[in-house]
Structure formats: structure tokens, C-alpha cells
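Note sheet for the following structure.
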Amino acid sequence: MSQKNIDSVIAPPPIHWVGNGFRVHNFIPGDSRLPMQRMTPFVLLDYNSEYEFPASDTPRGVGVHPHRGFETVTIAYKGKVEHHDSNGGGGIIGEGDVQWMTAASGILHKEYHEKKWSKNGGIFQMVQLWVNLPARDKMSDPKYQAITKEEMGKVELQNSFGFIEVIAGEYNSVRGPASTFTPINMMNAHLKKGGNADFNFPGNYNTALLVIKGSILVNNSEEVQTDNFVLFENSGEDFTIQANEDSIVLVLSGEPIHEPIAAYGPFVMNTKQELIRAYEDFNSGKFGYLED
Ligand code: MN
């Protein structure tokens, strides 16, 4: 086994707004270091770093929009999000919870701050990932997986230095509840000051960290601050993180999907023809109906 080294540490890109409810740093697709193919199957990562929203009787968010060809994974660290879709799915994503939505063949979707939360306002912090689907699964049926923090796999670290919360894949043989179409590891490392955790993923997997809280030392050499993204090389298997203060780190590692990506707006397909078809199907009402 050999060490997995850091490729680059990426500072949060300038923010942009998704609707009026999500103030995000778009890490993927990013600059030349992070095109969609570089972190596949994670083809988009929007990160709403801690931001205080004032109280609002009208929940902020983003109205009806389509998706086809991939999955959206929403992780709520602070605040609550309410989703609805044309498939009758939806629900509230509470603090610490995850919603894994398979858009696949196509859905209409809207996502807002949860009503009661919005009335009070508060600190909001969230990650939304787009997980690509291989060509064979792009037109499969839409579905939802609502994953509460209680349902996640939990691995206590030695010496009470924190715990690993497994959303998908596994850590020390403890599996996360999410079912995935391709091999994916997704977990939150909750480390107390001075705590450390070792990770081991196949060398070819696309692997990265996002520091949600605190600051960490990676491989005993590189210090990484809150809101920064760590991209690893595609060689070596093992890396270590150590917490300089109480920290939370999102850990992502997935088997690359070696297929062409044709992406435009809310569609991620393999070819331009499939993108055109997605727009035609959307415009002719084949994605169903969802009230605004
Ligand atoms: Mn959406």
C-alpha cells in the first residue's frame, strides 16, 4: 500500500446564487483542475458555505426545473431544505440528513428552505452533489432515498477522537445505507481536536475532501482550512487526516465512469443527440407536472 498524495488544494471559488436560496461555491465543474471528467462520477459540487439568511415568510429557493441522466445528493449541515418532484417524491432534509434523489429518466424538481426554518432564518450550510449515472442506467426510473443521520453507518474512532458517518460505501467494513449505481464512498469525518483518521480507497478512484468545519492536516504535511477542497492524485491508496481543531470533513471517493459526458444546464447525458432529446421531452411535457 502506498500513500495517496494531494494533487491540489482548491480555495472556494467566487459565490453565485442558485435561485435566491442557495449561495454556492461551485467547485465542480471548476477551473482547469476540476472539469467534470476529473472527479467523475461526482460531476457537480455546489457548496453553500455558512451563510446567515434573515427570516422570510416566503421560503427562498429555486422553482420548478428538470433533471435527467444523474442523481442529486443534498447534504444539509445547517438549516433545512424542502424538496418536491413530479414523481410525487419529496420531503424535508433536516440538519445532518441526506437526500439521494435519482433523477435518471427525468423529473421536475423544486427545492426551498423549509417553511418553519425560513420564518426564523438562521445559519445555512449545505452541499449538493450531482452523481453521474453510467449510460446503461441514465433512463432508469426516478427514485428517492431519504437518509437521516441516525441511519448512517457509524464508526467510532479510537480514544474518543470522533467518528465517521458513512452515507455510501464503507469505512472499516461498516456500510452506509445509500444504494448507488457505481461504486461510491461518501462519508463525514467528525474529528475532535487532535483526532485523526486513516482512509484507504482504490488508487484509480477519484478522491477528494471538503473541509466543512475546522482545519485539518492531510498526510502529516498539508494544512487545509475550512471551506477548502482537497483533490487527490489517482495513484496510491492511503491518506490520513488529523484535526487541528474540532472538524467535519466530507470525504468523497468513486470509481470513474469512463464514458463521454454531454452536459448542458440540468441534463447530463453521453451525447449531444441525447441532450436535444432531453430538451424535446421536457418541452413536450414528458417529465410530468409540478406546481410552482
Ligand atoms: Mn434540483
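In each ligand, atom 1 is the first atom listed, and ligand 1 is the first ligand listed.
Legend: residues meeting ring-ring contact (aromatic ring centres under 6.0 Å, His included) with Trp100, ordered by chain and number and at least two apart, are absent. In this structure, the ring-ring contact (aromatic ring centres under 6.0 Å, His included) partners of Phe232, at least two apart in sequence or on a different chain, are Phe239.
Using bins of under 30°, 30° to 60° and over 60° for the plane-to-plane angle, the ring pair His25/Phe27 lands in the tilted bin.
Ion pair Glu50/Lys78 flagged as a salt bridge, since at least one NZ, NE, NH1 or NH2 atom sits closer than 4.0 Å to an Asp/Glu carboxylate oxygen.
Counting only residues at least two apart or in different chains, salt bridge (Lys or Arg N to Asp or Glu O under 4.0 Å) contacts with residues 102-126 comprise Glu82-Lys115.
Across all their heavy atoms, Ser105 and Phe287 have their closest contact at O-CZ, 4.3 Å.
Here the protein contributes His65 NE2, His67 NE2, His109 ND1, Glu111 OE2 as N, O or S atoms under 2.8 Å from the Mn ion (ligand 1).
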